[in-house]
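Here's the structure we're looking at; comments come further down.
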Amino acid sequence: MIIVTGPQGTDDERGDVAEAAGLMGGLPSYSHAVQWAAATALVCLDGWERCPLAVADVTVAASLGLTVQQLVLT
């Protein structure tokens, strides 16, 4: 399972995370359906480091030994 995180401070930002997750066949990190134990990778949208929730997602993923990938959309 791919989990996608990124800025989540506004409805638009949460929508961007959900859209990216849908395109990758994954789940947004804030979804109640996320099961970190079943995750295979965490994908971070540009600007994730400015969002405390996304920073926490990266910390959890790193502690579980998951691959953390940066996705930059242009």
Side-chain angles (χ1 to χ4, degrees):
M1 167 193 315
I2 297 170
I3 299 174
V4 179
T5 193
Q8 301 169 38
T10 67
D11 287 340
D12 285 342
E13 289 174 337
R14 286 184 293 277
D16 291 344
V17 172
E19 184 176 358
L23 291 171
M24 289 184 251
L27 290 171
S29 61
Y30 55 79
S31 171
H32 294 292
V34 166
Q35 297 177 3
W36 284 98
T40 56
L42 176 72
V43 176
C44 302
L45 300 183
D46 195 32
W48 69 268
E49 63 280 339
R50 295 185 309 259
C51 177
L53 296 171
V55 170
D57 293 335
V58 170
T59 302
V60 169
S63 72
L64 294 172
L66 297 176
T67 301
V68 178
Q69 300 172 338
Q70 175 81 24
L71 176 67
V72 179
L73 301 175
T74 56

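As a basis for the values below, the full set of heavy atoms in this structure was taken, side chains included, without hydrogen atoms, waters or symmetry mates. Just so you know, these numbers come straight off a predicted model, no measurement behind them.
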With Ile2, the side chain to side chain contact (heavy atoms under 4.5 Å, CB included) member among Val43, Leu66, Leu42, Leu27: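 Going through the options one by one, the only one that passes is Val43.
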
Result of checking Asp12, Asp11, Thr10 against Arg14 for side chain to side chain contact (heavy atoms under 4.5 Å, CB included):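 Going through Asp12, Asp11, Thr10 one by one, the side chain to side chain contact (heavy atoms under 4.5 Å, CB included) with Arg14 is satisfied by Asp11 alone.
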
Under 3.5 Å: donor-acceptor pair, side chain of Gln8, backbone of Gly6: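 Indeed, once roles are kept as given, a pair shorter than 3.5 Å links the two residues.
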
Restricting to non-hydrogen atoms, name the atom on [X] and the atom on [Y] that form the minimum distance, rounded to 0.1 Å.
X: Asp16; Y: Leu45; result: O-CD1, 3.8 Å
X: Val17; Y: Pro28; result: CG1-CB, 3.7 Å
X: Glu13; Y: Gly9; result: OE1-N, 2.7 Å

Give a yes or no on whether [X] and [Y] share a hydrophobic cluster (residues Ile, Leu, Val, Met, Phe, Trp, Tyr; joining criterion: side-chain heavy atoms under 4.5 Å apart).
X: Val4; Y: Val55; value: no
X: Val34; Y: Tyr30; value: no
X: Ile3; Y: Val60; value: yes

Inter-residue atom distance Met24.CE - Gln69.CD, 0.5 Å rounding: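 Reported to 0.5 Å precision, the distance equals 9.0 Å.
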
Rounded distance [0.5 Å steps], CH2 in Trp36 versus CG in Leu64: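 Those atoms lie 7.5 Å apart.
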
Beyond-backbone contact of Val68 with Cys44, side-chain heavy atoms, under 4.5 angstrom: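 Yes, at least one pair of side-chain atoms sits under 4.5 Å.
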
Over 12 non-hydrogen atoms of neighbours within 6.0 angstrom of CD in Glu49: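 Yes, CD of Glu49 has more than 12 neighbouring heavy atoms, counting only those of other groups under 6.0 Å.
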
